[in-house]
Peer 1: 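Structure provided below as structure tokens; questions to follow.
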Amino acid sequence: MTPPPPALLIAGHGTRDESGAEALRTLVRVLGERHPDVPVAGGFFGSSPASLPLDEAVDGLVARGVTRLAVVPLLLAPTGPVPEALPAALARATERHPGLDHVCGAELGPHPKLLDVLERRLDEALGGGARRPEDRARTTVLLVGRGTTDPQANAEVVRAARLLWEGRGFAGVETAFVARTAPDVPAGLDRCRALAAAAGAGAAGRIVVLPYFFFPGGLLERLRMQTEGWAAAHPGTEVLGAGVLGTPAELAEVVLERYHAAAGDPLLSGAPCGCRAAAEDARETVGATRPTASPAADTGER
């Protein structure tokens, strides 16, 4: 008899914001309705108190008779050093439930479908009509990640910025971070302003600040305060704020892709989180876009 598929466990990094927990509940419900043959649960790990703990999500799955988990991190990039990383949280769960096996899939970003969602958030911030070449050509985007002390994790945000810029016609896509690393948001906005001035397209440039995280909450509030402070000091520059990624239909599709990639592993043996799908995502993204020449295209830090 063919064994049942492993359960899908969606693991987000800890948040104190109830809207994040509600968004995760919605995502779990949507995936469960679409795939009733696969048990689905979700929760948050990390040091922040969460109303939807990962431990309780695992306990609930085990109570339903689950013995195998395919874990999908609800992360756009690795978290970097944190008091409790996902592997530690999963190890604790398996200690509580002997015989429970798990495999951990790749982070979600920068998946081509999520890049499309980011582009949609930019269009929404610009109020429509943003696909016109002349409109996008005078818009510089500041993609803002949470920031960690891990260079590899921060580099994933820079990679996402480059992939977002490719073929979409924006003057440039720069990066900044809310905390823990440079450039911070004011420095990122300074660079966007300098690039817009250097481009000199004849029309006034503008900047769209684009959060690179899923949920509203404390990070988004800090980002807004930093952006508003900079904009008040530079009244001659148009600065717009975009919304977070949220949990659109594309997110469910990406989570399911990561689940199938993880569940297809022949050894469900608690393998560490990895980025096995990242290279394939990058090839798909580049193949679907066409680069345009721009002096502002270089999103690397200086």
Side-chain angles (χ1 to χ4, degrees), residues 1-15 17-46 48-76 79 84-109 111 113-114 214-215 245-277 281:
M1 179 181 295
T2 303
L8 166 58
L9 177 64
I10 306 170
H13 191 249
T15 176
D17 191 82
E18 178 58 30
S19 64
E22 186 56 36
L24 180 52
R25 291 188 189 100
T26 299
L27 180 62
V28 168
R29 183 173 64 252
V30 167
L31 285 165
E33 290 171 352
R34 291 184 183 181
H35 305 279
D37 56 322
V38 176
V40 184
F44 293 100
F45 68 95
S48 299
S51 60
L52 199 61
L54 190 67
D55 286 347
E56 292 184 8
V58 174
D59 295 344
L61 288 172
V62 171
R64 295 162 64 182
V66 167
T67 59
R68 300 188 302 159
L69 302 175
V71 185
V72 176
L74 193 63
L75 303 170
L76 291 164
T79 57
E84 182 189 47
L86 180 55
L90 294 173
R92 187 177 64 245
T94 55
E95 288 174 1
R96 293 199 323 276
H97 301 287
L100 179 66
D101 291 323
H102 73 272
V103 64
C104 193
E107 293 86 9
L108 304 184
H111 192 284
K113 291 179 180 177
L114 297 184
F214 287 112
F215 306 126
L245 276 161
T247 53
E250 292 93 336
L251 177 59
E253 296 169 4
V254 175
V255 168
L256 195 62
E257 284 185 28
R258 294 295 195 248
Y259 165 79
H260 285 307
D265 198 319
L267 296 176
L268 293 173
S269 58
C273 299
C275 294
R276 290 170 291 174
D281 288 348

Peer 1: With a 6.0 Å cut-off on ring centres, are His13 and Phe44 close enough?
Peer 2: no
Peer 1: Once rounded to the nearest 0.5 Å, what's the spacing between atom CG of Leu100 and atom CG of Leu61?
Peer 2: 8.5 Å
Peer 1: Is Lys113 paired with Glu257 through a side-chain N to carboxylate O contact shorter than 4.0 Å?
Peer 2: yes
Peer 1: In the structure I gave you, are the side-chain heavy atoms of Asp101 and Thr67 within less than 4.5 Å of one another anywhere?
Peer 2: no
Peer 1: Salt bridge check: are Glu18 and Arg25 linked by an N-O gap of less than 4.0 Å?
Peer 2: yes
Peer 1: Applying side chain to side chain contact (heavy atoms under 4.5 Å, CB included), can you list everything that pairs with Ala23, at least two apart in sequence or on another chain?
Peer 2: Phe215, Thr247
Peer 1: I need the Ile10 CD1 to Arg258 CZ distance, nearest 0.5 Å.
Peer 2: 13.5 Å
Peer 1: Between Leu75 and Phe214, is any pair of side-chain heavy atoms under 4.5 Å apart?
Peer 2: no
Peer 1: Can you sort out the partners of Arg29 under side chain to side chain contact (heavy atoms under 4.5 Å, CB included), two or more places apart, ordered by chain and number?
Peer 2: Thr26, Glu33
Peer 1: Hey, does Val58 have a side-chain heavy atom less than 4.5 Å from the side chain of Val66?
Peer 2: no
Peer 1: So which atom in Ala89 and which in Leu54 form the shortest heavy-atom distance, rounded to 0.1 Å?
Peer 2: CB-CD2, 4.1 Å
Peer 1: Checking Arg68 side chain against Pro4 main chain: does a donor-acceptor pair fall under 3.5 Å?
Peer 2: yes
